[in-house]
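What follows is a set of notes on a single structure, which appears directly below.
Atoms within a ligand are numbered from 1 in the order they appear, just like the ligands themselves. Just the heavy atoms: all of them, side chains too, but no hydrogens, waters or symmetry mates, feed the values below. Every value quoted in this text rests on a predicted model; they were computed, and no experiment measured them.
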Amino acid sequence: MSGPNTDYDPVEVTPLKADEVEAMREAALAAIAGAADLAALKQVRLDHAGDRSPLALANREIGALPPQARKEAGQRVGQARGAVNQALAARQAVLEAEHEQRMLAEETVDVSLPTTRRRRGSRHPLTLQSELIADLFVAMGYEVAEGPVVEAEWLNFDALNLGPDHPARTMQDTFWTEPAEDHVVLRTQTSPVQARTMLTRTPPIYVVCPGRVFRTDEYDATHSPMFHQVEGLVVDEGISMAHLKGTLDHFASQLFGDGITTRFRPSYFPFTEPSAEVDVRCFVCRGGDGVAECRTCRGEGWIEWGGCGVVNPRVLVACGVDPEVYSGFAFGMGIDRSFMFRHHLEDLRPLFEGDVRWNSAFGTEI
Ligand code: DAH
């Protein structure tokens, strides 16, 4: 900035000369008109209207003029700056509108085009149900045990007190692999995992085993040649039927809702003595006033759930456990069945048909 100047001639303050100011203004307007896009305009704004632009610098010189000369110079510079700012704003508006138009044209989405996105998979409802059940038992200190689906006949039957001529063998229509002399079956139940566990571990044993089982059943709304069971086995000192009842009541209330209990009906399984069929309290009517009309339990108040009992000492002996020291309980439930009545399904077939749309209806998309 020039210093105080009492006897100055405004015409001599070069940046404030009319033709200088005019040239600055022309230069600015030309640059603005030439800015091809918003980024270029930003630079033009800095160069011609910024703090260090010629017009801004000229403006600062005004203060150095004596009062009588300031007005005219001030007007000249002020008008030029006003014109530049106006031109900037107008160009900005034009470029923004152009930019928007271009975006709209370039980013058009044709919603009628076929999608290339694949449908997301979903975890199978039965996998989730099995994991939920396993988790309930893990929370009680159990371990999850596993066994093969192609199983030795001896483990599937004999070790469980189902000798070759045992009439109960016919209760489970069996798939045999060839050649028959190999005595290999597709396991008909998850109970062979009991035998496997006792043969490989020493008590105390607390295991749960969800898995696939196979029987030569016709495929219809309530039968499938492949289905799922969950087996439980406890072997420890002093285990009784009372422990079994308490465990299954807890299991039922966790799976079907608070306060849902079980009842035992006397039954027969070769691997348990005594044995019982377990029913679970109907979680819809709870055996209360609405029981007569209840479609879930068909007016029974109870739903058949599985089998259970105190492990037969013959099974303990076959699996190398001393029945004088240890006793145990075991149970087996159908997972598909549990899923069906938990979700009020009449037909189990969709469970095995692999339709992702059906599976995801159970909120299992991942
Ligand atoms: N394995 C039996 C079945 O498939 C179910 C069962 C009953 C399992 C009693 C058990 C049990 O462990 O103790 O019909």
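Residue-ligand proximity: Met333 is placed with every non-hydrogen atom at 4.0 Å or more from ligand 1.
The side chain to side chain contact (heavy atoms under 4.5 Å, CB included) test with Met103 is passed by exactly one of Gln101, Glu106, Glu100, Glu107: Glu107.
Atom 11 (C) of ligand 1 has its nearest heavy-atom neighbour, among Phe227, Phe271, Phe329, Tyr268, in Phe271. The heavy atom nearest to atom 3 (C) of ligand 1, out of those in Arg215, Glu277, Glu273, is found in Arg215.
Scanning all protein heavy atoms for the shortest distance to atom 1 (N) of ligand 1 gives Gln189 OE1, 2.7 Å. Here the protein heavy atom with the shortest distance to atom 12 (O) of ligand 1 is Glu231 OE2, 2.6 Å.
Trp305 does not carry Arg337 over the face of its six-membered ring by the limits of under 6.0 Å from the centre and within 45° of the normal.
Considering backbone and side-chain atoms alike, Ala330 places an N or O below 3.5 Å from some N or O of ligand 1. Below 3.5 Å of separation, one finds an N or O of Gln229 facing an N or O of ligand 1.
A search for ring-ring contact (aromatic ring centres under 6.0 Å, His included) contacts involving Phe331 returns Phe137, not counting sequence neighbours. Under the rule for a ring-ring contact (aromatic ring centres under 6.0 Å, His included), the partners of Phe283 that lie at least two apart in sequence or sit in another chain are Phe256, His344.
At a heavy-atom distance under 4.0 Å, only backbone atoms of Cys308 (N, CA, C or O) approach ligand 1.
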